[in-house]
S.K.: 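First, the structure itself, so that you have it in front of you.
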Amino acid sequence: MATPIQENLVAKNKAYASSFTGGGLALPPAKKYAVVTCMDARIHAAEAYGIYLGDAHIIRNAGASARDALRSLVISEQLLGTEEILLIKHTGCGMLTFKNEDAEALVKKNLGEDAVKALVAFKGDFLTFPELDEAVKDDVEFLKQSKLIPEKIKSKISGWVYEVETGKVRSVV
Ligand SMILES: [Zn+2]
C-alpha cells in the first residue's frame, strides 16, 4: 500500500508532467556552474538562487559541506564542464546545533554498538560547525587547496550565506 508521501509524489508528478516541456535539455549544465547548498527543507534552491532547469548542478547535503560534495564537484567539473562554484550555507543550520559525539550517542542509543562501528563509512565525522561565516570561509579554502579542483576554477569559488528568515543571500567570501 502506498504511503501518503508516495501518493503525493504520484499525484503531484502527474500534474507536473502534464505540462512538462524540459525534455530536450542537454546533460551538461548550460550555465556551467555548480552550487553546493544545504539539504535544509526551508531552502527552495532553484527559486532562491535564480537557477532555471538545465542551468546548474545543485549539490545538496547536510550543512552544504564542501568535503561531502567533493565527489560530485569532480564529476561536475571533469565530466560535465562546470567552471564556477557557489558555496551557500545558511542561518539556522542544524549543523550548528550538535557535535560528533552527540550524533554518535544517538546512533548508539537508537541503532546499537554495531552501528557505531559502521560510522567508519564517513570516519565518524558529521562535518558539523560551530560558527557559520567561519565555516563558509573554511569550506571555500578547502576547495581552493584541493588538488581535485582545477586552477582555473579556483578564482571562481565564492562563499555565501542564505538567510532562512528573510530569503536573502549575502556574500561572505
Ligand atoms: Zn543546513
Side-chain angles (χ1 to χ4, degrees), residues 3-6 8-9 12 16 29 31-77 80 82-111 115-116 118-146 148-149 153-154 156-173:
T3 68
I5 299 293
Q6 292 167 355
N8 177 69
L9 166 66
K12 295 289 167 48
Y16 177 77
K31 294 198 173 162
K32 298 181 186 288
Y33 71 106
V35 179
V36 178
T37 201
C38 188
M39 67 184 189
D40 193 289
R42 297 167 293 181
I43 303 171
H44 196 318
E47 285 194 6
Y49 306 157
I51 303 167
Y52 291 94
L53 198 65
D55 273 0
H57 285 140
I58 304 176
I59 302 161
R60 302 188 70 157
N61 61 42
S65 166
R67 289 164 178 81
D68 203 349
L70 191 58
R71 180 185 65 91
S72 298
L73 284 170
V74 172
I75 293 167
S76 179
E77 291 158 6
L80 294 163
T82 60
E83 299 171 343
E84 180 163 353
I85 302 169
L86 305 178
L87 181 113
I88 312 176
K89 294 184 190 283
H90 68 98
T91 56
C93 189
M95 303 303 276
L96 292 157
T97 66
F98 70 99
K99 294 193 172 118
N100 282 340
E101 47 266 40
D102 304 320
E104 186 177 322
L106 282 172
V107 168
K108 187 174 179 180
K109 173 169 166 270
N110 296 326
L111 303 174
V116 173
L119 289 173
V120 70
F122 49 90
K123 299 192 178 96
D125 192 350
F126 289 85
L127 301 168
T128 62
F129 45 83
E131 209 281 314
L132 184 57
D133 285 37
E134 282 307 309
V136 172
K137 291 176 192 166
D138 180 66
D139 270 22
V140 167
E141 192 56 29
F142 167 79
L143 293 173
K144 288 186 173 177
Q145 296 296 330
S146 175
L148 291 170
I149 304 295
I153 293 181
K154 284 179 178 172
K156 292 193 278 182
I157 304 172
S158 54
W160 305 77
V161 164
Y162 171 80
E163 300 176 350
V164 294
E165 301 85 3
T166 63
K168 293 178 181 173
V169 289
R170 64 176 168 82
S171 171
V172 175
V173 63

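Keep in mind that the numbers below use all heavy atoms, side chains included, and drop hydrogens, waters and symmetry copies. Order of listing sets the numbers, starting from 1, for every ligand and every atom in it.
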S.K.: Flag the pair I59 / R71 as yes when at least one side-chain heavy-atom distance between them is below 4.5 Å, and no otherwise.
M.R.: no
S.K.: Would you call I43 and Y49 a side-chain contact if the rule is heavy atoms closer than 4.5 Å?
M.R.: yes
S.K.: Do NZ/NE/NH1/NH2 and the carboxylate oxygens of D139 and K89 come within less than 4.0 Å?
M.R.: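 The answer is yes: the pair qualifies as a salt bridge.
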S.K.: Which pairs count as salt bridge (charged side-chain N to carboxylate O under 4.0 Å, His left out) when at least one residue sits in residues 91-102, sequence neighbours excluded?
M.R.: none
S.K.: Restricting to under 2.8 Å, identify the protein N, O or S atoms around the Zn ion (ligand 1) as residue plus atom.
M.R.: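 Protein N/O/S atoms under 2.8 Å of the Zn ion (ligand 1): C38 SG, H90 NE2, C93 SG.
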S.K.: Any Lys/Arg nitrogen of R42 or D40 sitting under 4.0 Å from an Asp/Glu carboxylate oxygen of the other?
M.R.: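 So R42 pairs with D40 through a salt bridge.
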S.K.: Does K144 pair with E141 as a salt bridge, N-O distance under 4.0 Å?
M.R.: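 No salt bridge links K144 with E141.
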